[in-house]
*Asks:* 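Have a look at this one.
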Amino acid sequence: MKRNELLINIFTIILIILIAAIVYLALTDSRKGLTLFSARLEDRVSYRYLFKCVSETDALKQRSVRIGQSGYENGAANIVTAVIVDYRLFDTFCEVLILFAASAGVTLLMEKRKKRIKKEAGIIVQTAVPMIMLFTIVVAFYIILHGHLSPGGGFSGGALIASAFILQFIAFEKKLSKRWFALLEPLAGLGLLAFGLSGLYLRGSFFANFLPTGSLGATISAGGIMIVYALIGIKVASGLSSISADFSG
Amino acid sequence: MTVWIIVLGLIMFAGSVVVIFQKSIKNAVITFGAVSLVSALMFILMKAYDAALAEASIGSVLTTAIFFWTVRRLEENGFNEKK
């Protein structure tokens, strides 16, 4: 027992040293040493990217970007989406993995209710909930598919779809089967992984945006951002719905 | 605008204090959902619409529903908050 604890401690120390080395290497520019507070911003992606401006009149005419132009590195009109789903997609991918771990843990730990006390919802709730569900799901699809143009995206839209399903779980005793959520969530995750690997194969870096970017502001533009946001929306919606199905029944 | 943000922040503060000193669990859960709804309103005033959507759907729908389902499971297993 004690030997195992010692081995685990040594392994943890080695792991921490390794992570510290990786962080040190990531923070240094071109092997000159640690340049945490004096790094030149022009060498970073953010300077090239965050000067994108969609408005008609701006002071930075030379760097301005107008709606309808094409040929950009990333054709998303929404800067936040471009950072979340293109430049920092690895971060988002790991967040989605955390959500998957949470929903898998809830599914593992929760058991079915044994002593059921049935309380049906009233007729007003049972009539109103399907209509509200319909509107909520339509708004959620709009938010997911316009993630590269307007605020919102996969997370907000997926949470909206999940709240529509929660309304259904509250109002009716008969539910959608949990098997659908358990099937959809890993499939969406595998789709994200396949997108990343095809980016690695076609452009040479993981999660590279390999589809044509189109013109700025069009509905079908910005390359793979629409696909990635649809997959993230499916994954978030099915994960949160499976958590709430486990809690409710 | 700033006045409204301060007013909503004070409402959120008062609501969170009320949540702590509430006698019944169900009332506390409903007050908690109302606090996160007010915070979604504050996100809208600050023009963070995506954060407002996520807060409104996760904070005030999912969290409240999960708390209520937990209370129901407790009551089915013999928990009574009046005792």
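Computed from a predicted structure; not experimentally measured. Quick note on labels: first sequence line is chain A, next is B, and so on, each numbered from 1.
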*Asks:* Look only at the side chain of B/Ser39 and the backbone of B/Ser36, and say whether a donor-acceptor pair between them is shorter than 3.5 Å.
*Replies:*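 Such a contact is found between B/Ser39 side chain and B/Ser36 backbone.
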
*Asks:* So B/Trp69 and A/Phe169, would you call those rings parallel, tilted or perpendicular, with 30° and 60° as cut-offs?
*Replies:*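 Answer is tilted, since the angle falls between 30° and 60°.
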
*Asks:* Any side-chain heavy atom of B/Glu55 sitting closer than 4.5 Å to one from B/Ser60?
*Replies:* no

*Asks:* Select all residues of residues 159-167 of chain A having any heavy atom within less than 4.5 Å of some heavy atom of chain B, and report them by number, or 'none'.
*Replies:* A/Ala159, A/Leu160, A/Ser163, A/Ile166

*Asks:* Do the side chains of A/Leu99 and A/Lys235 get nearer than 4.5 Å, heavy atoms only?
*Replies:*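 The answer is no, as the side chains (C-beta and beyond) never meet within the 4.5 Å cut-off.
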
*Asks:* Decide yes or no for A/Ile243 and A/Phe247: does some side-chain heavy atom of the first lie under 4.5 Å from some side-chain heavy atom of the second?
*Replies:* yes

*Asks:* Looking at chain A, which one of B/Ile66, B/Asn77, B/Thr70 has the largest number of heavy-atom pairs inside 4.5 Å, strictly under?
*Replies:* B/Ile66

*Asks:* Do A/Phe155 and B/Ser57 touch side chain to side chain, with heavy atoms closer than 4.5 Å?
*Replies:*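 No, too far: nothing below the 4.5 Å cut-off.
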
